[in-house]
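Have a look at the structure below, then the notes.
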Amino acid sequence: QKEVEQNSGPLSVPEGAIASLNCTYSDRGSQSFFWYRQYSGKSPELIMSIYSNGDKEDGRFTAQLNKASQYVSLLIRDSQPSDSATYLCAVNKNQAGTALIFGKGTTLSVSS
Amino acid sequence: DTAVSQTPKYLVTQMGNDKSIKCEQNLGHDTMYWYKQDSKKFLKIMFSYNNKELIINETVPNRFSPKSPDKAHLNLHINSLELGDSAVYFCASSQMTGEYYGYTFGSGTRLTVV
């Protein structure tokens, strides 16, 4: 079983819509969860982190975590063309570790 | 000031050559990493150093050798380069501050082996 799984996409949404990105992970000991955004030819940049079950909101972004289901999601409200990028889900490697395991990413395309 | 800087940004070299990539961070972080991103954009951890000590060494050919002279620097040396080594290599750093320890990535080094 892959450690962190994401649908590769592309996920296409119209401008102004809600984009929903999903991620599952295999290590039940993982405690820290991150969403990174990567534009083509650029390095990943952190957009959200979440550590507890439930929702965490930051501007147009909401991260959701369900540890029982080993599921993390990212919602982007009022999607903009500038949100078009690859979104990487990352999970810490083990309970005590800081190393992150990344999913293969979901490509989001927002059309104007 | 660039927080995590890598040099060079681009590297084109022939098979069989030896090359190095350098990474420096000025964030005062205690942990540094090397990741490889292949043509399918999969970002895979290679090495992790904490205060100059090797913490993680994933299944990486021993042609790859990291070196950390101090906690602000983590270099990657690659011997006998192969076509399959072509990828983007990212350096990153992090710090445990409470429960938050998101990475800061460098801008990447695009290595092309011909």
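Chain letters run A, B, ... following the sequence lines, proteins first, then strands; residues in each count from 1.
The interface of residues 106-114 of chain B with chain A, defined by heavy-atom distances below 4.5 Å, comprises B:Gly106, B:Ser107.
At least one side-chain heavy atom of B:Tyr103 sits less than 4.5 Å from a side-chain heavy atom of A:Tyr36. By the 4.5 Å heavy-atom criterion applied to side chains, A:Leu100 and B:Ile45 are not counted as neighbours.
Within the structure, disulfide bond (SG atoms under 2.5 Å apart) pairs that include any residue of residues 9-52 of chain A comprise A:Cys23-A:Cys89 (at least two apart or interchain). Residue pairs meeting the salt bridge (charged side-chain N to carboxylate O under 4.0 Å, His left out) criterion with at least one partner in residues 56-73 of chain A, sequence neighbours excluded, are A:Glu57-A:Arg77, A:Arg60-A:Asp83.
Scanning both residues, A:Ala99 and B:Tyr35, for their nearest heavy atoms gives C-OH, 4.3 Å.
The OG atom of A:Ser40 sits 5.5 Å away from atom NZ of B:Lys41, with the distance rounded to the nearest 0.5 Å. Note that the OG atom of B:Ser94 and the CG atom of A:Asn92 stand 11.0 Å from one another [nearest 0.5 Å]. Taking NZ of A:Lys104 as the start and NZ of B:Lys40 as the end, the distance is 6.5 Å to the nearest 0.5 Å. Here the straight-line distance linking atom CD of A:Gln38 with atom CD of B:Gln37 works out to 4.0 Å at 0.5 Å rounding.
Every residue meeting the ring pair (Phe, Tyr, Trp, His ring centres under 6.0 Å) condition with A:Phe33, not counting sequence neighbours, appears here in chain and number order: A:Tyr25.
Residue B:Leu81 is grouped with residue B:Val60 when hydrophobic side chains (ILVMFWY) are merged at heavy-atom distances under 4.5 angstrom, including chains of intermediate members. In the hydrophobic cluster analysis, where Ile, Leu, Val, Met, Phe, Trp and Tyr join through side-chain heavy atoms closer than 4.5 angstrom, A:Val91 is grouped together with B:Phe105. If you chain together hydrophobic residues whose side chains sit under 4.5 Å apart, B:Phe64 and B:Leu54 fall into the same group. Side-chain heavy atoms closer than 4.5 Å link hydrophobic residues (I, L, V, M, F, W, Y) into clusters, and following such links, even through other members, never connects B:Tyr33 to B:Met46. Residues B:Tyr10 and B:Ile78 fall into different hydrophobic clusters, defined by Ile, Leu, Val, Met, Phe, Trp and Tyr side chains chained together at heavy-atom separations under 4.5 Å.
Within 6.0 Å of the CG atom in A:Asp78, the count of heavy atoms belonging to other residues, nucleotides or ligands exceeds 12. Heavy atoms of other residues, nucleotides or ligands lying less than 6.0 angstrom from CG of B:Leu27 number more than 12.
Aromatic pair B:Phe42/A:Phe102: ring centres not closer than 6.0 Å.
Residue contact with chain A, scored on non-hydrogen atoms closer than 4.5 Å, involves the backbone and the side chain of B:Leu43 alike.
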